[in-house]
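Single-structure report; data block below.
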Amino acid sequence: MAKGVYFLAFVVLLSTASSLVFAEDPSPLQDICVAIDDHKSETAVFVNGKFCKDLKYAEAKDFFFPGLQNPGNTDNRVGSNVTAVNVDQIPGLNTLGISLARIDFAPYGQNPPHTHPRGTEILVVVEGSLLVGFVTSNTENRLFTKVLNKGDVFVFPIGLIHFQFNVGHSNALAFAALSSQNAGVITIADAVFGSDPPINPDVLAKAFQLDKNIIEELQKKFEY
Ligand SMILES: *[C@@H]1O[C@H](CO)[C@@H](O)[C@H](O)[C@H]1NC(C)=O
């Protein structure tokens, strides 16, 4: 009986560990696996849990995205715009564990504190100056921060909260690569104050050590 329980505990532990190991993009098991929505069509094959376009129908345009020279519209409440180029824009990125983004900043605009649950980010500033930073997890909550100028590169490790703020009075432009075909984004303020349905304000009042009416004001601002 006891042996059975130990075995069960071992199996549970093992499956937890392996699901942690595979939380990031797996390595590809084939050269290319162009993502395809319609898996019922005869142009699709099933490889390693993903639907891929049959190799003989893959073409250069599956690996191509035009238009990253166009700035995103920064006329919004944070003054920035992220143009993502991930597997949704380039189906050929499927299983390759990499993607790209263009980030435009109005003067004093910012890409507010957010995390990418599935990818590390490496960013290069192409125009202007950005104050950037990331914070490590709860053991220290240490801030790593720097002002970047044109040509400077900074890394934001997977999962950590980070931000970019345009400290110049002209537009700024950066490009970022991410170690996932779709790294995901959790914008902290939107997730916490703008969830759908809203988190009970008593929870947030205590968590942020604020008055409940301030929380309710914030929730109105971030309403989904
Ligand atoms: C980002 O820019 C694009 C292109 O101008 C626009 O369609 C989109 O609404 C913008 N997003 C935000 C959040 O402002």
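Whatever order the structure lists ligands and atoms in, that order sets their numbers, starting from 1.
For atom 11 (N) of ligand 1, the nearest protein heavy atom (residue, atom name, distance) is N81 ND2, 2.9 Å. When only non-hydrogen protein atoms are considered, atom 13 (C) of ligand 1 lies nearest to N76 ND2, 3.8 Å.
Heavy atoms from other residues, nucleotides or ligands lying under 6.0 Å from CG of D75 number 12 at most.
A side-chain contact (heavy atoms from CB on, under 4.5 Å) with N94 holds for exactly one of D25, D62, V87; it is V87.
Classification of the F134-F156 ring pair by plane angle, with boundaries at 30° and 60°, yields perpendicular.
Each of the following atoms of ligand 1 lies closer than 4.0 Å to a heavy atom of G72: 2 (O).
For the residue pair T74 / D104, no side-chain donor-acceptor distance below 3.5 Å is found, with atom types taken as modelled.
With a 4.0 Å heavy-atom cut-off, ligand 1 is reached by the backbone of N73 and by its side chain too.
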